[in-house]
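FYI, the numbering just counts along the sequence from 1. Computed over heavy atoms, backbone and side chain alike; hydrogens, waters and symmetry mates excluded.
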Amino acid sequence: MLFAALIVVAVVVLHGYLWLRLVRDTTDRPRVRRAGAWVAGALALLFAVTAVGNRALPRRYEPALERVVGWPGYVWLALAGYLVLALIVLELPAWLARGVVTARAGRGGAPRAAARNPTLAPGKAAEDARKEPATTRDGAARDDAGRDDAGRDETTRDDAARDASGGTARDAGAGVDRARRLLVARGAAIVAGLAATGVTTAGMISALGPPTIRRVRIPLRKLPRGMDGTRIALVSDVHLGALLGRAHTERVVAAVNALDADIVAMVGDLVDGTVGDLAPAAEPLRGLRSRRGAYFVTGNHEYFSGHEDWIEHVGELGLRVLRNARVELDGLDLAGVNDATGGTVGDPPDYDLALGGRDPARPVVLLAHQPVQAHEAAKRGVDLQLSGHTHGGQLWPFHYVTRMSQPLITGLGEVGGMPVYVTNGAGFWGPPVRVGAAPDVTLVELRAG
């Protein structure tokens with residue numbers, strides 16, 4: 001409940017900010033602002049249902065919910081995130097532009113009523129009076145009393161006219177200022193919208209396309225010459241579910257088979273759903289080809305999807321599940337451990353069971369879903385760990401959040417002096433968008449070193 005409450009608060013703040021910058025700041029029309037508020041509210045509801053709906057509803061309702069809100073909801077999650085990011089980046093330029101607009105309006109919009117409505121100076125009036133003939137002065141004197149009241153009335157009307165003229169000028173200046181501010185706000189909204197839409201669209205093309213092929217050579221000091229050049233096709237995070245189905249599996253299998261690998265290693269997060277829902281989508285895995293076998297270890301998402309059923313079904317598809325187990329492949333040991341989250345359902349990783357009792361002169365490659373598991377593997381003398389889980393961050397720049405919990409995000413690195421390779425994974429989770437982290441299948445070539 002606490003998680004859901006935090007998500008709701010974050011959703012309200014996020015959509016309030018979007019309404020502020022994209023609607024309120026860009027129009028003066030109350031009707032448009034109200035319509036924008038309704039749209040923002042509907043999108044906030046869609047965002048919240050997509051983000052927490054699967055956690056809040058019984059599991060039997062999850063597939064139906066994802067089919068209804070999956071595509072629009074997850075796409076909006078990505079688009080909203082990049083809209084907020086773009087608007088935040090534009091805050092400083094927009095603030096500076098508003099300052100320039102205000103300064104220009106102050107210099108150019110001040111009323112010049114005196115210049116537009118000149119009046120006679122007192123000195124000029126006295127001089128004209130002296131030049132007037134005496135008879136005229138006498139006649140005028142008799143009329144002075146009558147004219148005083150009319151003069152006062154005329155003066156009052158002149159003052160009112162000058163005040164009105166000045167007020168009109170001030171109003172005009174304020175109108176120009178407001179128009180310029182609207183122009184700045186609309187410009188920022190358009191730039192943010194175009195940027196967010198462009199990034200999200202490119203990310204969708206990347207996420208929904210075929211996985212790229214990455215190749216890496218990794219030397220193992222204890223690898224015998226007879227195993228030099230052993231090739232492992234590394235696959236992770238296929239994430240079959242409401243948004244990725246059988247066609248996606250077929251693309252992945254085709255990419256793997258084209259590598260002609262000695263070993264196929266699938267390191268978890270194959271599915272986001274039950275065997276009953278996704279067995280047809282997983283069926284193409286039966287066609288995986290390799291010389292020394294295809295192997296599988298669990299990821300955290302298997303434990304959300306009925307892991308016991310999936311372990312059995314994956315075995316039926318022809319993959320050998322290394323459930324805290326090890327196999328000997330000529331001069332190489334290949335071990336696998338359960339995902340770190342397996343302990344929550346009584347199926348934890350057991351490194352000693354998987355690695356204990358082996359010949360330390362033989363190299364061992366460990367399959368473990370999460371890179372963070374390398375800390376335990378390094379303590380036990382593992383020569384190489386192959387992992388996934390991170391998706392390479394999936395959505396730049398939000399990959400910095402992933403870095404807070406994992407020692408390595410993508411590619412080849414070291415943990416405790418042990419080499420670790422992390423694939424970006426072949427699918428996606430949540431938004432069907434990948435930015436800065438294309439999906440991949442990696443061909444790992446082991447070299448005697």
Using ring-ring contact (aromatic ring centres under 6.0 Å, His included), reason through F47 and H15 one step at a time and then give a plain yes or no. CA-CA 9 Å; F47 193 111; H15 286 79; 5.5 Å; yes
Would a distance-only check, ignoring hydrogens and angles, find a side-chain to backbone donor-acceptor pair under 3.5 Å from [X] to [Y]?
X	Y	result
T201	G198	no
Q373	N338	yes
T230	M227	yes
D25	A185	no
N257	G287	yes
R326	G356	yes
S305	G273	yes
D440	R214	no
R33	T27	yes
Q385	V420	no

side-chain hydrogen bond (donor to acceptor under 3.5 Å, both in side chains), paired with N424, selected from T390, T410, D237: T410
Between T298 and Y303, does any side-chain donor sit less than 3.5 Å from a side-chain acceptor? yes
Could you tell me whether the side chains of Q370 and N300 share a donor-acceptor contact shorter than 3.5 Å? no
Are H301 and H369 an aromatic pair by the rule of ring centers under 6.0 Å? no
If I take atom [atom1] from residue [X] and atom [atom2] from residue [Y], how far apart are they, to the nearest 0.5 angstrom?
X	Y	atom1	atom2	answer
L87	L90	CG	CG	6.5 Å
D352	E376	CG	CD	9.0 Å
R231	R217	CZ	CZ	10.0 Å
W396	L85	CH2	CG	6.5 Å
L355	K379	CG	NZ	13.0 Å
D272	L243	CG	CG	9.0 Å

Excluding sequence neighbours, so at least two apart, what forms side-chain hydrogen bond (donor to acceptor under 3.5 Å, both in side chains) with S236?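 Counting only residues at least two positions away or on another chain, S236 forms no side-chain hydrogen bond (donor to acceptor under 3.5 Å, both in side chains).
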List the steps, then state whether side-chain contact (heavy atoms from CB on, under 4.5 Å) holds for V216 with T442. CA-CA 7 Å; V216 60; T442 300; 3.9 Å; yes
As a quick check of understanding, evaluate salt bridge (charged side-chain N to carboxylate O under 4.0 Å, His left out) for E445 and R447, giving each step before the final call. CA-CA 6 Å; E445 185 176 347; R447 303 308 304 263; 3.4 Å; yes
Just wondering, do [Y] and [X] contact through their side chains at under 4.5 Å, heavy atoms?
X	Y	answer
V372	L408	no
L208	R434	no
L14	V84	yes
V267	S387	no
L443	I232	no
P432	V75	yes
H248	V238	yes
L395	P431	yes

Assess the residue pair V435 and Y82 against the criterion (side-chain contact (heavy atoms from CB on, under 4.5 Å)); give the C-alpha distance rounded to whole Å, side-chain angles, the decisive distance to 0.1 Å, and a yes or no. CA-CA 11 Å; V435 178; Y82 282 114; 3.4 Å; yes
Do you know which two heavy atoms are closest between [X] and [Y], and how far apart they sit?
X	Y	value
G245	A281	C-CB, 3.9 Å
G229	D262	O-OD2, 4.0 Å
A189	T26	CB-CG2, 4.1 Å
I218	L412	CD1-CD1, 3.8 Å
I88	Y17	N-OH, 3.6 Å
V256	A233	CG1-CB, 4.0 Å

Taking NZ, NE, NH1 and NH2 as the nitrogens, is one of them in R323 or E308 under 4.0 Å from a carboxylate oxygen of the other?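 Salt bridge present between R323 and E308.
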R289/D260 salt bridge by N-O under 4.0 Å criterion: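 No salt bridge links D260 with R289.
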side-chain contact (heavy atoms from CB on, under 4.5 Å) between R215 and L259, worked out: CA-CA 10 Å; R215 301 172 187 268; L259 297 175; 4.1 Å; yes
Using the rule given for salt bridge (charged side-chain N to carboxylate O under 4.0 Å, His left out), can you reason through K222 versus D383, listing the C-alpha separation, both sets of side-chain angles and the distance that settles it, and then say yes or no? CA-CA 8 Å; K222 295 184 287 185; D383 296 280; 3.6 Å; yes
Dump the intermediate steps for side-chain contact (heavy atoms from CB on, under 4.5 Å) on V9 and I7, then the final yes or no. CA-CA 5 Å; V9 171; I7 289 293; over 6 Å; no
Side-chain donor/acceptor pairs under 3.5 Å, residues 313-320, sequence neighbours excluded:
residue : atom : partner : partner atom : Å
H313    : ND1  : E316    : OE1          : 3.4

Going by the ring-ring contact (aromatic ring centres under 6.0 Å, His included) test, which pairs reach into residues 266-299, not counting sequence neighbours?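 Checked against ring-ring contact (aromatic ring centres under 6.0 Å, His included) - neighbours excluded - no pair reaches residues 266-299.
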Result for salt bridge (charged side-chain N to carboxylate O under 4.0 Å, His left out) between D330 and one of R292, R225, R362 points to R292
